[in-house]
Novice: 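Shown below is the structure under consideration.
Every heavy atom of this structure was used, including side-chain atoms; hydrogens, water molecules and symmetry mates were not. Numbering of residues begins at 1 and proceeds along the displayed sequence.
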Amino acid sequence: MPRRRRWLLWIGGTLLLVVAALAGAGYYLAQRIEPFLKEQTAAYLRAHFNSELEWSRFQVSMSLGSPLRALLEKGKGAIVRVRVDGIVLRHGGRTDIPPLVAMRRLSF
């Protein structure tokens, strides 16, 4: 195998490992931060609307570059995306009247 081809394969393999490590770190960080974001989002919505909150799904994801950015900036600068499905806010927890807010999907 020519020397140049071996170098290209080695560099390509290294880049593939770096991308896989960043993807794994993004998944790990998203799983670690999800309970905190879920709790904070629920507390904010309950307090702001004075309502009981229900949702069917809460999902957190990070872009591929966010773990590297968070590492380089000492935990700051990561971009997190949140998707919430099936949101229902019932004013004062009342079920005898229609919900105050009902949304199929919310992303932030």
Novice: To the nearest 0.5 angstrom, please state how far the NE2 atom of His91 sits from the CG atom of Leu89.
Specialist: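 Taking NE2 in His91 and CG in Leu89, the distance rounds to 11.0 Å.
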
Novice: Are Tyr44 and Val88 connected, step by step, through hydrophobic side chains (Ile, Leu, Val, Met, Phe, Trp, Tyr) whose heavy atoms are closer than 4.5 Å?
Specialist: no

Novice: Heavy-atom count check: over 12 atoms from other residues, nucleotides or ligands less than 6.0 Å from Phe108 CZ?
Specialist: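 Yes, CZ of Phe108 has more than 12 neighbouring heavy atoms, counting only those of other groups under 6.0 Å.
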
Novice: Can you get from Trp7 to Leu15 by hopping between Ile, Leu, Val, Met, Phe, Trp and Tyr side chains that sit under 4.5 Å apart?
Specialist: yes

Novice: Step by step, would you call Leu37 with Glu39 a side-chain contact (heavy atoms from CB on, under 4.5 Å)?
Specialist: CA-CA 5 Å; Leu37 286 176; Glu39 179 183 315; over 6 Å; no

Novice: Not counting sequence neighbours, which residues clear side-chain hydrogen bond (donor to acceptor under 3.5 Å, both in side chains) with Arg81? List them please.
Specialist: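 Expected list: none.
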
Novice: Please answer: with hydrophobic residues joined when any side-chain heavy atoms are less than 4.5 Å apart, are Val101 and Leu45 in the same cluster?
Specialist: yes

Novice: Under 4.5 Å between side-chain heavy atoms, counting indirect links through other Ile/Leu/Val/Met/Phe/Trp/Tyr residues: same cluster for Leu16 and Trp10 or not?
Specialist: no

Novice: List, one per line, each side-chain donor-acceptor pair under 3.5 Å for residues 47-59, sequence neighbours excluded.
Specialist:
| unit_1 | atom_1 | unit_2 | atom_2 | d |
| --- | --- | --- | --- | --- |
| Ser51 | OG | Phe49 | O | 2.8 |
| Ser56 | OG | Asp85 | O | 3.0 |
| Arg57 | NH2 | Gln59 | OE1 | 2.8 |

Novice: Calculate, to the nearest 0.5 Å, the distance between atoms CD1 and NZ belonging to Ile33 and Lys38 respectively.
Specialist: 14.5 Å

Novice: Find out whether Arg94 and Ile97 are in side-chain contact, i.e. whether some heavy atom of one side chain is under 4.5 Å from a heavy atom of the other.
Specialist: yes

Novice: Quick one: pull up CG in Leu9 and OG1 in Thr14 and give me the separation to the nearest 0.5 Å.
Specialist: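 Reported value, rounded in 0.5 Å steps: 10.5 Å.
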
Novice: To the nearest 0.5 Å, what is the distance between OG1 (Thr41) and CD1 (Ile87)?
Specialist: 9.0 Å

